[in-house]
Each structure stands twice: as structure tokens, then as C-alpha cells.
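Data block below; observations after.
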Amino acid sequence: MGGYVLKRVLTMIPTMIGISILIFLMVRLLPGDIVSVLAGGDIGSDPELIEQARRDLGLTGSYPEQYWRWISGVLQGDLGVSLRNTEPVSTVLLNALPITAELVFLGLLIATVIGVPLGVLSAVKRDSKHDFAARIGGLIGVSIPSFFLATLLLLFTSKVLGWVPPLNYVPFYEDPIENLSQFILPAISIAVFTLAIVMRMVRATMLEVLGQDYVRTARAKGVKRKVVISRHALRNSLIPVVTVIGFEIGILMGGSAIVEIIFGLPGLGNTLINAIFNRDYPVVQGATMLLAFIFIFANLLVDLLYGVLDPRITQE
Amino acid sequence: MSKKGTEERAGGGVTRRDALVKAGVVGAGAIAAGSLAGGAKASTRRAGAPSKIRRGGRIIWALEQDPVHVAPFGAILTSNHWGKQAAYDSLVEWDKNLNLKPALATSWKIAADQKSITFNLRKGVKFHNGKELDAGDVKYSIEKMLAPPLPGSIVTVSQVPGFEGADVVSKYVVRLRLKTRDARVFGFLAWNRYSPIVPAGLYDQINAARNAIGTGPYRMVGFNPNDRVEYVANKSFWKPGQPYMDAMTLKTLPDEQSRIAALRAGAIDGATVSSDGAKSLANDSSLVVLKGGTAAFRELQFTIKGDPKPWHDARVRRAVNFAINRQAIINTVYNGNGNYSGIVPPGYGSWPFTQAELKSKYQKFDLPKAKALMAAAGQTKGFSVKLSTFSTPLEFQQIASVIKSQLKAINIDVEIVAQEPGTFDANNGTGNFEWDLTARGMRGDIDGYLSEYNPSNTIYQRWYPLYKNVKVWRAIGNGKITLDPAKRLPIYKGAQVQLMNDLPQIGLIQVNKYQVVNKRVQGMYVAFDDFNTGLRNNVWLAS
């Protein structure tokens with residue numbers, strides 16, 4: 001097991017190097033750097049000032065030189081500073097990460113807590129009205145984009161209830177009620193798609209598992225139906241669900257950007273989008289590297305969880 | 001002149017002439033102080049009647065774009081100034097009708113050679129850190145305007161008039177030295193976008209990107225990028241009785257539907273919305289919709305360089321101008337709200353053409369004339385062209401679509417290329433386009449709208465090096481150094497007449513800006529300068 005983990009961690013290194021090069025090049029392939037964007041038509045500065053601005057921001061030198069400057073800083077724990085507000089990138093990310101992490105955690109919690117029982121119910125009561133309702137709900141859930149749902153929720157609560165979530169971010173440890181009332185709508189917005197996926201996945205795998213010999217054998221031995229479902233069938237149905245959730249962690253960390261913008265949450269996605277618009281290279285690079293790391297790490301955790309859920313799976 | 005309202009009564013404001021009399025100065029140099037005065041209509045409606053002002057309370061105002069940073073010098077984004085505006089003052093200021101008023105300087109005198117201006121500072125003004133304003137602070141601030149530290153950008157120096165430096169004459173007297181005569185100085189200072197006065201050594205005392213120390217009506221107590229700016233009242237503000245509110249929160253909410261929802265729910269007190277957004281809130285009895293023209297106008301740009309193109313011929317550009325039905329654009333995209341605009345926006349003092357002049361002469365929709373001009377240019381069969389514009393906000397693509405359909409009538413096949421704003425800005429700034437549908441904003445001085453037609457300007461070489469009109473060049477050069485507005489006006493009018501004939505760029509329309517406020521918000525107005533100036537200077541809360 002230890003060897004397997006070490007091997008996986010080591011494979012992360014070339015992956016992260018590859019990602020860092022890709023990110024570095026991709027942000028520079030966007031037309032215009034921060035200076036040319038700043039010095040657009042409305043300003044029209046002379047070339048000398050533009051060159052000086054580039055020097056001030058450390059944007060001179062060839063791409064390999066710039067990459068080396070950046071990556072050697074990263075390896076020493078220095079992600080650089082924002083070109084737009086001179087804030088250290090690590091500070092920018094540390095401020096934004098807890099917000100997105102909480103949003104994703106709550107979203108996945110809602111998706112799992114509702115999605116798994118719904119999927120089980122749907123499978124156990126196959127072709128019942130519960131099943132049909134859950135399947136139709138699932139179809140709607142996978143079809144509705146999170147940003148659209150977020151807007152609908154906001155308009156609904158503001159128009160019907162005269163309420164919108166508190167606008168100013170308050171950490172959970174400072175005021176849990178205020179914090180949760182701020183996150184409830186955004187969390188629902190990002191949860192619905194994952195919830196629908198989880199529900200459909202659980203239903204499908206449960207139906208398959210419920211037809212297996214060992215389930216029939218357990219029932220034939222007189223084990224209660226509830227026990228068969230919860231201890232034998234459900235546990236074996238969870239492996240694909242864990243895969244989906246692990247995958248969704250990475251997707252939602254970056255994919256919740258629009259929802260963060262809609263609800264005015266200063267999270268990682270919101271920060272990244274603004275940094276892209278502003279051509280703030282160090283922030284874009286730092287945020288994307290962080291998201292990539294989270295994605296890879298979440299997948300590693302998922303792989304390790306397989307063995308816990310099903311001891312027959314070994315990490316050889 | 002302007003109607004006497006809340007601001008004037010409370011702030012002791014004066015008209016341009018009053019200011020000059022108060023300053024005790026006479027002569028051509030002095031008159032330059034009133035660069036924009038005379039008829040700018042900043043808003044069509046104010047929130048609340050000027051009744052008895054109630055003090056106290058906190059306002060929550062939504063910003064549609066994050067300020068990113070609040071550094072006083074070298075910032076380019078409009079939203080940066082939204083974030084910092086309440087904290088800083090300049091030597092002079094505009095009232096809501098763009099009349100010049102004394103601010104941190106109570107009077108000034110322009111030297112006989114017009115190459116220096118001596119400012120007498122207001123005594124007893126305190127910065128937010130308790131330090132008293134003196135001439136050393138002004139000298140330091142002028143130096144920073146000329147060399148803005150990071151995160152400000154050196155590129156904004158091109159916006160600064162020909163300042164050479166500043167000298168401390170005495171504790172409350174400072175002399176501003178100019179490289180040459182320059183009519184742009186007072187507009188630049190009054191605009192305050194690039195010209196705040198800060199305490200000497202500010203950048204050594206705080207992180208100016210995240211904090212502010214000014215003399216403004218509100219003291220910044222917090223700024224979280226992508227989230228909010230927090231202000232409390234400056235109890236030592238130099239205008240007696242102001243500010244009216246105890247605190248102000250500027251919350252970044254880029255999504256319009258979020259702002260609308262928050263307005264409906266009473267979670268925010270005010271925000272800027274689109275014309276459609278304003279329409280959807282018009283019937284909400286708890287809200288007031290404010291509307292007003294701003295300096296922002298839409299424009300069609302051409303590149304006139306490189307290989308010959310049909311639009312290098314001025315007759316083709318004139319044909320395009322006459323084939324565009326601006327009223328149709330206003331009706332289709334802006335629910336009928338907007339004005340025609342030349343290259344100087346309506347409302348910018350007495351400098352632009354009147355609506356009547358534009359509608360009946362310079363921008364009259366006249367398809368037969370357009371077709372005749374195309375024929376005269378040998379372009380009866382027309383041509384194809386790429387028209388680049390912003391991908392967001394969507395109104396730009398909508399305008400482009402209307403133009404595309406209108407220009408079909410003269411056989412011009414327009415291909416719309418929607419670009420991400422950063423990409424668009426970069427391409428525009430380097431002249432990497434055929435036609436651009438773009439937006440223009442506020443300028444401190446009339447020269448700001450015409451300087452791009454000056455061949456010594458870098459942007460001229462990037463956009464239209466093949467365009468030549470010596471009369472225009474001469475007018476711009478003379479206008480910049482002519483300090484008497486009475487003499488300046490015909491110079492710039494003449495240049496505009498030339499430019500309306502040559503059309504290296506085609507002004508299109510001025511759109512209205514909509515700001516929706518809760519009924520308890522009093523004294524707010526849509527500021528012509530496109531900032532939230534009313535919020536800073538005028539607003540109080542009824543309950």
C-alpha cells in the first residue's frame with residue numbers, strides 16, 4: 001500500500017510539471033499581456049512607457065526565462081505577486097480557497113445525502129411512482145446548468161420571499177448561521193447536477209447488485225431485506241459513486257466559478273475568472289496549479305478508497 | 001447655471017465665475033479654470049427631494065466590477081476609481097454639472113507666462129490618519145502622478161498634462177510647474193481619477209493597493225478584492241456637515257440578475273443596471289430608477305493603414321455614416337433611450353455638437369446619399385469587412401447586428417467578430433483590426449477626445465497613419481495650449497467639423513446609464529463622469 005501511494009505521488013510530479021508548462025503557455029497565448037490590455041485604445045501610451053511598465057511587472061525576457069523565474073519561485077514556495085494589486089499570490093489563494101472548499105463540500109454533502117437514498121429507493125422500488133419521480137427529477141437535474149439554476153433560485157427567493165443570501169462573506173467559525181444562510185443557495189445550485197448523477201449511478205449499480213447471486217443467497221439464508229440492502233448491496237454499489245464524487249471535487253472546485261460570481265462569493269473560481277480577464281498571469285498560474293493539484297489528489301484519494309470499500313481490490 | 005440642490009447648499013459650492021472671482025485672478029490664464037462648465041446635464045432625475053437631511057446609517061451599494069486595487073495613482077480601470085473615490089480629494093473638483101469648484105486648494109493664480117500655477121491650500125484639512133494637509137503632500141502627490149508606483153501603471157502618465165514638477169512655496173502654498181502652456185490642467189485635477197492628494201510618504205506607510213489615506217468624506221477601513229470595500233464617515237471632513245452617512249459598503253456583484261435580486265430583497269441600497277434591468281424594476285414601489293447620460297458613448301473605428309481598403313476613401317466612410325440609422329439602434333438595443341453622439345459626448349459642456357446639428361446634418365440617416373457616395377467611390381458592389389467588438393456586455397453585439405443589417409443596404413457585408421474584452425482591448429490598442437465597435441469614456445479635458453487625431457500620438461500611428469488633415473492637426477495643437485475657453489471653443493468646434501467630414505472614426509450613440517436605488521436613498525444622481533460621484537458627495541438615508 002505504502003509503495004503504491006509513493007508511486008502515485010511520484011507520478012504527480014511530471015504531471016504537475018506538464019500542467020505548469022501548459023498553463024504558462026496558454027495564458028500567454030491569449031492576445032495581449034496585462035500591459036497592452038491596460039494600455040488599450042483609451043489610453044494609447046507611448047511605446048517607451050509600455051516597455052517600462054513591462055519591466056516594472058517582470059514581463060521581460062524570453063518565455064523560457066520567464067517560466068524558469070516563475071517555476072523556481074514556485075519550488076521555493078513563492079508563487080509570485082498579483083500583477084494587478086501586488087498581493088502575494090499565496091495570500092490571494094489562501095483567502096479564496098476556504099470559500100470554494102466550503103461551497104464544494106456543502107454541494108457534495110447535499111448531493112450525497114439526498115442522492116444516495118434516492119437512488120437506493122428508486123432501485124428497490126423499481127418502476128414505482130417513486131422511481132419515476134426520481135428518474136424525471138434526475139433528468140432535470142443533469143439537464144439544468146448550475147448558473148441558470150442559481151439565477152432562478154435568486155430571482156425566486158427575492159421576488160417571492162423578499163430574501164437573498166447575505167452578501168458579505170462571513171467564515172463559518174465566526175457566525176455559523178450567517179455563513180450557512182450565505183452558502184445554502186449556491187450549494188444547492190452546484191449540488192443538483194451531482195445529486196442527479198449520484199442518484200442515477202446508485203440506482204443503476206444497485207439494480208445490478210440486487211440481481212447478483214450473493215444477494216439472492218443472503219435473502220435465501222433469511223437475512224432481513226433492510227440488512228441485505230444496506231450491508232451487502234449498497235456497499236458494493238458505492239464504488240462508482242465514490243469515483244463520481246472524487247471526480248466532481250475537481251470539477252466543482254473550478255466549475256463553481258459562475259455560481260460564485262452570481263452570489264458574490266470571493267472564492268477561487270471567481271478569483272481565477274477575474275485574473276484571466278485581467279491577464280494577471282501569476283494568479284492564473286497559481287490558481288490553476290492549485291486546482292490541478294486538488295484534482296489529482298482527489299483522484300488519488302478515490303483510488304485509495306476503492307480498497308477500503310471493497311477489500312478484494314488491492315493496490316498492486 | 002445649475003439648480004441649487006442639496007450638494008450646493010451643504011457644500012458651499014460656487015460657479016465657475018464665482019470660483020475665479022474668489023481666487024482673485026483675472027486674465028486669459030485664469031479663465032482656463034472653467035474648462036467644462038456650461039450646460040453639462042449630469043442627470044435627469046435625482047433620488048428624493050432636497051428635504052431636511054437626515055444623518056447616519058450605512059448604505060450598501062453594489063459595484064458591477066471589482067476595483068481590483070485601490071491605489072491612488074496609475075490605475076486604469078473605471079472600477080478602481082469606484083473603489084477609491086470616496087477616500088480621496090484633489091486640489092479642485094467638479095460639481096454635478098461639471099462646474100469647477102475649489103477643493104483642497106481654495107484659490108490659485110496662473111503665472112503671466114502661463115507655465116506655472118500657484119495654489120493656496122485650504123488650512124486645517126486633516127488626512128484620515130490625522131496629519132494636516134500641507135504643500136509637501138501636494139508635491140509628493142504630483143511626483144507620484146508622474147511616476148505611479150505599482151500596482152499603478154506608468155502607462156497612465158500619458159493622461160497627465162505637461163506637469164514638470166511642484167515646489168513648496170510655504171506650508172500652505174504650492175507651485176505647479178508646467179513644461180509648456182497647458183489648458184488641460186484644471187480638468188485633469190477636477191476629474192480626480194489620476195490626481196488625488198495623499199499624505200507624503202503614503203507608499204512607505206501602507207499597502208496603498210489595499211488601504212487608503214486621503215482627505216475624502218469617507219475613511220476606508222477594509223478592502224477585500226472580489227468582495228467589498230468598507231468605509232466609515234470621516235468625522236474631520238473639511239466640508240462642514242458632511243458626509244451624511246455613517247458608513248458605506250461597496251459590494252462587488254458582477255452578475256446583473258444578482259444585483260436585481262438583491263435590490264428587490266432590500267439587501268443592497270443601490271446599483272447600476274442595464275436598461276432592461278431598469279425596466280424590470282420600474283414597477284417596484286420600494287425602488288427608484290434614476291437615469292442619465294454619461295460620457296460613455298459608442299463609436300465605430302476604422303484602421304486607415306497598410307494595403308488599400310475601400311474605407312480608406314473618405315467617401316466610403318461618409319456613406320457608412322449616412323447609412324447608419326442611429327435612432328433604430330437606440331430603439332432596438334436601448335428601448336428608445338439614448339442620444340446621438342459625435343466624437344465628443346452630448347453633455348460635455350458646450351464642446352459637442354447639439355442633437356439638432358447631429359440629427360439634421362452630420363448624422364442624418366440618408367440612404368440615397370449613402371448609395372450615391374458609394375457609387376462615387378466606385379464601391380457600388382460593396383465589399384466585405386470584419387467588425388470586431390466586445391463579447392460582453394451583449395449590447396455591443398446587438399449594436400453590431402443592427403449595423404450589419406443597415407449596411408447591407410449599401411452592399412457592405414459585415415462579419416461580426418465578438419472578442420473577449422481583454423483580447424479586444426489588446427487588438428484595439430495595437431491597431432490589429434479592420435473595423436471596431438467600441439466604447440469611449442470620460443476625459444478630464446476636451447483635448448482627451450481629440451488628441452488621438454494628433455499625429456504625434458502613438459495611437460494615431462497604429463490606427464490611421466494614412467489619414468491626413470493639417471487643419472485638424474493644427475487645431476489640436478493650438479487647442480491644447482489655448483487657455484481661454486472663449487478662444488478654445490471655436491478651435492475645437494472647427495476640428496470637429498473637419499473630423500465629421502473626414503470620419504476617421506464615426507461617433508454613434510450615447511447611452512443612458514441606469515441606477516436603481518432604494519427609496520430611502522436620497523440625493524443620488526447618475527453622474528456624467530460615469531463614477532458614483534453622487535454617492536460620495538450627496539447621498540443621505542431617509543430612514
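So that the names make sense, note that chain A is the first sequence line, chain B the second, and so on, each numbered from 1.
Of the atoms belonging to B:Glu299, not a single heavy atom falls under 4.5 Å from chain A. Contact of B:Arg210 with chain A is made through the side chain alone, with heavy-atom distances under 4.5 Å. No part of B:Asn80 comes within reach of chain A, as not one of its non-hydrogen atoms sits under 4.5 angstrom from that chain. In this structure, the portions of B:Pro225 lying under 4.5 Å from any heavy atom of chain A include both its backbone and its side chain. The part of B:Thr249 that comes within reach of chain A is its side chain, from C-beta onward, which places non-hydrogen atoms under 4.5 angstrom from that chain. For A:Glu87, the part sitting under 4.5 Å from any heavy atom of chain B is the side chain, from C-beta outward, and nothing else. For a residue to count as touching a neighbouring chain, one of its non-hydrogen atoms must lie under 4.5 Å from one of that chain's; by this rule B:Ala267 touches chain A with backbone and side chain alike. For chain B, the nearby part of A:Thr151 is the side chain; its heavy atoms alone come within less than 4.5 Å. The contact between B:Gln257 and chain A is made by backbone and side chain atoms together, counting heavy-atom distances below 4.5 Å.
To the nearest 0.5 Å, the span separating CG on A:Leu265 from CG on B:Asp227 amounts to 8.5 Å. Once rounded to the nearest 0.5 Å, the distance linking CZ of A:Phe277 with OG1 of B:Thr423 reads 9.5 Å. Here the CG-NE2 distance, from A:Asn278 to B:His69, works out to 9.0 Å after rounding to the nearest 0.5 Å. Once rounded to the nearest 0.5 Å, the distance linking NZ of A:Lys159 with CG of B:Asp284 reads 8.5 Å. In this structure, the separation between CG on B:Asp255 and CD1 on A:Ile261 is 8.5 Å, given to the nearest 0.5 Å.
You'll find the side chain of A:Glu260 stays beyond 4.5 Å of the side chain of B:Asn226, heavy atoms only.
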A:Arg279 and B:Asp425: side-chain contact (heavy atoms from CB on, under 4.5 Å), yes or no, with the steps?
CA-CA 12 Å; A:Arg279 304 290 192 271; B:Asp425 283 341; over 6 Å; no
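Heavy-atom pairs under 4.5 Å with chain B were tallied for A:Leu167, A:Leu154, A:Ile258; the largest tally goes to A:Leu167. Of the residues considered (B:Ala262, B:Ser258, B:Ala209), B:Ser258 shows the highest number of contacts with chain A, using heavy-atom pairs under 4.5 Å.
For A:Ile262 against B:Leu253, the heavy-atom pair with the smallest separation is O-CD2, 4.4 Å. Minimum interatomic distance between B:Ala261 and A:Leu155 (heavy atoms only, all atoms of both residues): CB-CD2, 4.4 Å.
A donor atom on one side chain and an acceptor atom on the other are not found under 3.5 Å apart for A:Asn274 and B:Asp66. Looking only at atom types and distance, the side chain of A:Thr157 has no donor-acceptor partner in the side chain of B:Arg264 under 3.5 Å away.
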